[in-house]
Amino acid sequence: IVSWSSLVVGYFEHGLSQEALRFFEEMQVDGSFPDVITWNAVLLGCAEHGESERALMMYAQMLEQGVLPNTATFLSAIKACGNTSALDLGNKLYVQCWQGGVSEETELIMATALVEMFGNCGSMTRAQQVFDAMQWKDTPMWNALMRGYSRQGESEHALHLFERMSKEGAHPDSITFLCVLMICNHAGLLDKGQEYFESMSKAYGISPSIKHHNCMIDLLGRAGHLNDALILLKRMPYQPN
RNA sequence: ACUGCAGUACCAU
């Protein structure tokens with residue numbers, strides 16, 4: 001089972017989903033029956049490669065076959081619900097995923113996945129509910145909530161969360177800034193975007209990646225600051241892609 | 001005992 005599972009993971013991780021699924025079938029013909037780890041690998045592989053409907057079907061199959069879901073199973077299934085806006089199943093998983101009890105660290109990871117899922121489903125009320133229920137929130141959790149609001153077009157609220165997270169002791173990271181810059185981009189907030197971009201390295205000690213630079217080039221370009229966009233492209237410490 | 005799965009940019013006017 002370990003051999004086959006490792007093979008399946010390898011194929012998924014190299015973007016070869018069809019082959020991975022073929023080996024998942026073949027292992028069973030060969031007499032190795034997938035355990036929870038094998039199923040988890042397949043669920044996540046499907047969910048991460050645009051096959052979330054399939055992931056949810058396979059989740060049902062897994063249960064039919066009497067394999068008990070664990071934390072990793074729920075994380076993958078929750079992700080698949082977010083990708084397909086399957087809010088009903090998402091709500092069920094929200095209840096089920098706590099069964100059996102989880103460690104505090106796992107609890108936060110699970111809650112973050114739920115916030116992301118509800119955000120993807122457009123249900124910010126639920127997302128906020130899960131967020132509020134956690135006594136302490138780390139950076140990924142704040143990021144997940146922020147992305148939810150920004151996806152709903154609530155740019156101001158999302159940017160407000162940026163201010164709040166620092167006050168509450170969560171340090172913005174590289175992804176926080178990608179999110180914030182993208183919000184400025186969508187909302188056409190050039191000045192604010194530039195402020196954030198500069199504060200990244202100056203105030204937060206995070207060096208902007210090429211993705212951050214590309215956000216800024218996009219933002220400058222859309223705002224009509226074409227020469228500034230060109231200068232940034234030419235001067236950034238990355239090979240333009 | 002040990003090996004395989006484990007929470008976040010976005011996605012092209």
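Below, each value reflects all heavy atoms present in this structure, side chains not excepted, and no hydrogens, waters or symmetry copies.
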Under 3.5 Å, which donor-acceptor pairs link side chains of residues 201-213 of chain A to any protein atom two or more places apart or in another chain?
residue: A:S209; atom: OG; partner: A:K211; partner atom: N; Å: 3.1
residue: A:S209; atom: OG; partner: A:H212; partner atom: N; Å: 3.4
residue: A:S209; atom: OG; partner: A:H212; partner atom: ND1; Å: 2.8
residue: A:H212; atom: ND1; partner: A:S209; partner atom: N; Å: 2.9
residue: A:H212; atom: NE2; partner: A:S174; partner atom: O; Å: 2.8
residue: A:H213; atom: ND1; partner: A:S209; partner atom: O; Å: 2.9

Contacts under 3.5 angstrom, residues 86-96 of chain A side chains, donor-acceptor by atom type, not counting sequence neighbours:
residue: A:N91; atom: OD1; partner: A:R126; partner atom: NE; Å: 3.0
residue: A:N91; atom: OD1; partner: A:R126; partner atom: NH2; Å: 2.6
residue: A:N91; atom: ND2; partner: A:L87; partner atom: O; Å: 3.3

For residues 4-17 of chain A, which side-chain donor-acceptor pairs fall under 3.5 Å, sequence neighbours excluded?
residue: A:W4; atom: NE1; partner: A:D30; partner atom: OD2; Å: 3.4
residue: A:S5; atom: OG; partner: A:I1; partner atom: O; Å: 2.6
residue: A:S5; atom: OG; partner: A:T38; partner atom: OG1; Å: 2.8
residue: A:S6; atom: OG; partner: A:V2; partner atom: O; Å: 2.8
residue: A:H14; atom: ND1; partner: A:G10; partner atom: O; Å: 3.0

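A:E26 has no carboxylate O lying under 4.0 Å from a charged side-chain N of A:R22, or vice versa, which leaves the two without a salt bridge. Salt bridge status for A:R147 with A:E116: present, with a side-chain N to carboxylate O gap under 4.0 Å.
Of the residues in residues 26-40 of chain A, those placing a heavy atom less than 4.0 Å from an atom of RNA chain B are A:D35, A:I37, A:T38, A:N40, in numerical order.
A:L44 comes within 4.0 angstrom of sugar-phosphate atoms only, judged by non-hydrogen atoms across all strands, and of no base. Heavy atoms of A:L114 sit nowhere under 4.0 angstrom from any nucleic acid atom. When heavy atoms are screened at a 4.0 angstrom cut-off, A:S6 is found touching the sugar-phosphate backbone but no base atom. Within the 4.0 angstrom heavy-atom criterion, base atoms lie near A:A72. At the heavy-atom level, A:I1 lies under 4.0 Å from base atoms of the strands shown.
The span of RNA chain B lying next to chain A, judged by atoms under 4.0 Å from heavy atoms, is bounded 5' to 3' by B:U3 to B:U13.
The two atoms that bring A:P69 and A:L63 nearest to each other are CD-CD2, 3.7 Å, heavy atoms only.
For A:N40 (side chain) and A:V36 (main-chain N/O), a donor-acceptor pair under 3.5 Å exists by modelled atom type.
With a 4.5 Å cut-off on side-chain heavy atoms, A:M141 and A:W136 do not count as touching. Side chains of A:Y149 and A:Q128 form a contact here, defined as non-hydrogen atoms less than 4.5 Å apart.
Atom OG of residue A:S199 and atom CZ of residue A:F162 lie 5.5 Å apart, to the nearest 0.5 angstrom. Going from atom OH of A:Y238 over to atom CG of A:L233 covers 13.5 Å, rounded to the nearest 0.5 Å.
In RNA chain B, no stem is built from 3 or more consecutive Watson-Crick or G-U wobble pairs with both distances under 3.5 Å.
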